[in-house]
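Take a look at the structure below.
Order of the sequence lines fixes the chain letters, A, B, ..., with proteins taken first and strands second; residue numbering starts at 1 for each chain. As the structure is a prediction and not an experimental result, all values here were calculated from the model.
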There are 2 protein chains.
Amino acid sequence: MAKIKAVKNGTKKDVITQKGAALFRKKGFAATSMRELADNIGVEASSLYNHIGSKSEILQNICFKVANDFNMHLNDVEKKQESAIFRLEDLIRFHIHMMLDTYDEVYVANHEWRQLEEPYLSNFLNQRKTYESRLIEIVNQGIMNGEFKKIHPHVAVLIILSAVRSLEFWQRHKKNINTTDLVNDMVTHLLNGLTK
Amino acid sequence: MAKIKAVKNGTKKDVITQKGAALFRKKGFAATSMRELADNIGVEASSLYNHIGSKSEILQNICFKVANDFNMHLNDVEKKQESAIFRLEDLIRFHIHMMLDTYDEVYVANHEWRQLEEPYLSNFLNQRKTYESRLIEIVNQGIMNGEFKKIHPHVAVLIILSAVRSLEFWQRHKKNINTTDLVNDMVTHLLNGLTK
DNA sequence: CCTACCGATCGGTAGG
DNA sequence: CCTACCGATCGGTAGG
């Protein structure tokens, strides 16, 4: 039974979304054709439309799934009411975890959101802006507490978010350093430059 | 005379490259049509081909121009034989400067290189890998010197390169913080987390 | 899920 | 630099 659960990838729609994410990451959304995606799955292009409404819809599914995962986790972190440094480390570790475990989806959400159509584009950007503001608020609290250096919280958040995105390049180096070392080194670099 | 120099943007080919960079950044390479680019310049699509050989060639010009600028500057920095921390700060400031001054081109080189065709794709990736290795060597020297903490130099370089890329999101915040503050805060965050 | 097909748009060329 | 046009490919639909 465990085997069946491990093998199945959910509905056909889920398969299309996953294969779509893998192709969109490798070639970009606009440069990937529905025929290519269909080939990759093993059906004709027209058959895809029994499970999804349009090519755009695949991109929407990917982007909003990723946004939702990050928002949900941030909700949890905010509820904890721990120190700012604890919450920030939790968030950094979650970002790294998401990047390593759902690489294609996160990559596509980071790079191809520009190809979303309205109103999805505006909605996505709003969500991202809100997420960023909530991170800034956490850093701000840490500055008030005296946990962090007095730098612009905006700049600190930009650096942290970008640093975790650097794992996009990680595939090449996977062999040389193990994940635990990587996460610890990253947290050290990012936080010890921020904590007093 | 100064006015003429300020107005002219070089050859028509340069205009095409610049307008191309602006459009490729906003919409992506694959999602930008030659008719759109031509409209933007104020000619018919077919007229573009008097100045450039193909759509791909525009992307090549952008990516290799950017790669060259970074390589040339790194050559200068390596010649200086200063402390590792001095050279690293110089490099960080140069990256920030490039990002702020030639935003479209750097953005496109960072995001759309995937759309390059062979042999340009391989060549570009090789250049990037070499550039990264040279930065790692600088950090490594700093660790040997005792200037830097003992973290994986690879991880440090990934964080630094990603952090300077975060300026891609900077446009939105330009009004709130001035550039000098930004650069200083960024250098502080990145280096004080790295220096003993 | 497939065959057959649509109108639109693409990058690019010929010829002046 | 433009008009006129090309073959190829695109996302998507009809109908079974």
Open item on the list: What is the distance, to the nearest angstrom, from the CD1 atom on Ile41(B) to the P atom on dC2(D)?
Closed with: 11 Å

- [ ] For the side chain of Met34(A), starting at C-beta, report the closest nucleotide among dT13(C), dG11(D), dG12(C).
- [x] dG11(D)

Open item on the list: Between C1' on dT9(C) and CG on Asp39(B), what's the gap in Å once rounded to a whole number?
Closed with: 14 Å

TODO: Please report, rounded to the nearest Å, how far the C1' atom of dA4(C) is from the OH atom of Tyr49(A).
DONE: 16 Å

Open item on the list: Given 3.5 Å as the limit, does a donor-acceptor pair link the side chain of Arg87(B) with the main chain of Val77(B), or not?
Closed with: no

Task: Proximity to the side chain of Arg35(A) - top-ranked nucleotide from dC10(D), dC2(C), dT3(D) - done: dC10(D)

Open item on the list: Heavy-atom count check: over 12 atoms from other residues, nucleotides or ligands less than 6.0 Å from Tyr120(B) OH?
Closed with: no

Task: Ring-face cation of Lys129(B) near Phe169(A) (centre distance under 6.0 Å, axis angle within 45°) - done: no

Task: From dC10(D), dG12(C), dC1(C), nucleotide with atom closest to His51(A) side chain - done: dC1(C)

Open item on the list: For Glu132(A), is there an ion pair with Arg128(A) - N to carboxylate O distance below 4.0 angstrom?
Closed with: no

Open item on the list: For His97(A), is the NE2 atom crowded, meaning more than 12 foreign heavy atoms sit under 6.0 Å from it?
Closed with: no

Open item on the list: Please report the distance, rounded to the nearest Å, between CD1 in Ile16(B) and P in dG11(C).
Closed with: 14 Å

Open item on the list: Can you tell me which nucleotide in dG11(C), dT3(C), dC2(D) comes closest to the side chain of Glu44(A)?
Closed with: dT3(C)

Task: Whole-Å distance separating the CD1 atom of Ile52(B) from the C1' atom of dG12(C) - done: 10 Å

Open item on the list: Can you work out whether Lys12(A) or Lys55(B) has the more 5'-proximal nearest nucleotide on DNA chain C?
Closed with: Lys12(A)

TODO: Just compare dG12(D), dG12(C), dC10(C) and give me whichever is closest to any side-chain atom of Ser33(B).
DONE: dC10(C)

Task: Protein-nucleotide distance (Leu37(A), atom CG; dT9(D), atom P), rounded to Å - done: 18 Å

Task: Atom pair distance, as rounded to whole Å: CD in Glu36(B) and P in dA8(C) - done: 18 Å

Open item on the list: Looking at Arg134(A) and Glu78(A), is any side-chain nitrogen of the basic one under 4.0 Å from a carboxylate oxygen of the acidic one?
Closed with: yes

Task: Between P of dG15(C) and CG of Asn50(B), the distance in whole Å - done: 15 Å

Open item on the list: With clusters defined by side-chain heavy atoms of hydrophobic residues (ILVMFWY) lying less than 4.5 Å apart, directly or transitively, does Val187(A) cluster with Phe86(A)?
Closed with: no

Task: Watson-Crick and G-U pairing of DNA chain C written in dot-bracket, each distance under 3.5 angstrom, with | for inter-strand partners - done: ||||||||||||||||

Open item on the list: So Ser56(B), base contact, sugar-phosphate only, or nothing? Heavy-atom distance under 4.0 Å.
Closed with: nothing

Task: Among dT3(C), dC2(D), dG11(C), the nucleotide that comes nearest once only the side chain of Ser46(A) is considered - done: dT3(C)

Open item on the list: Side chain of Ser54(A), heavy atoms from C-beta onward: which of dG12(D), dC2(D), dG12(C) has the nearest atom to it?
Closed with: dG12(D)

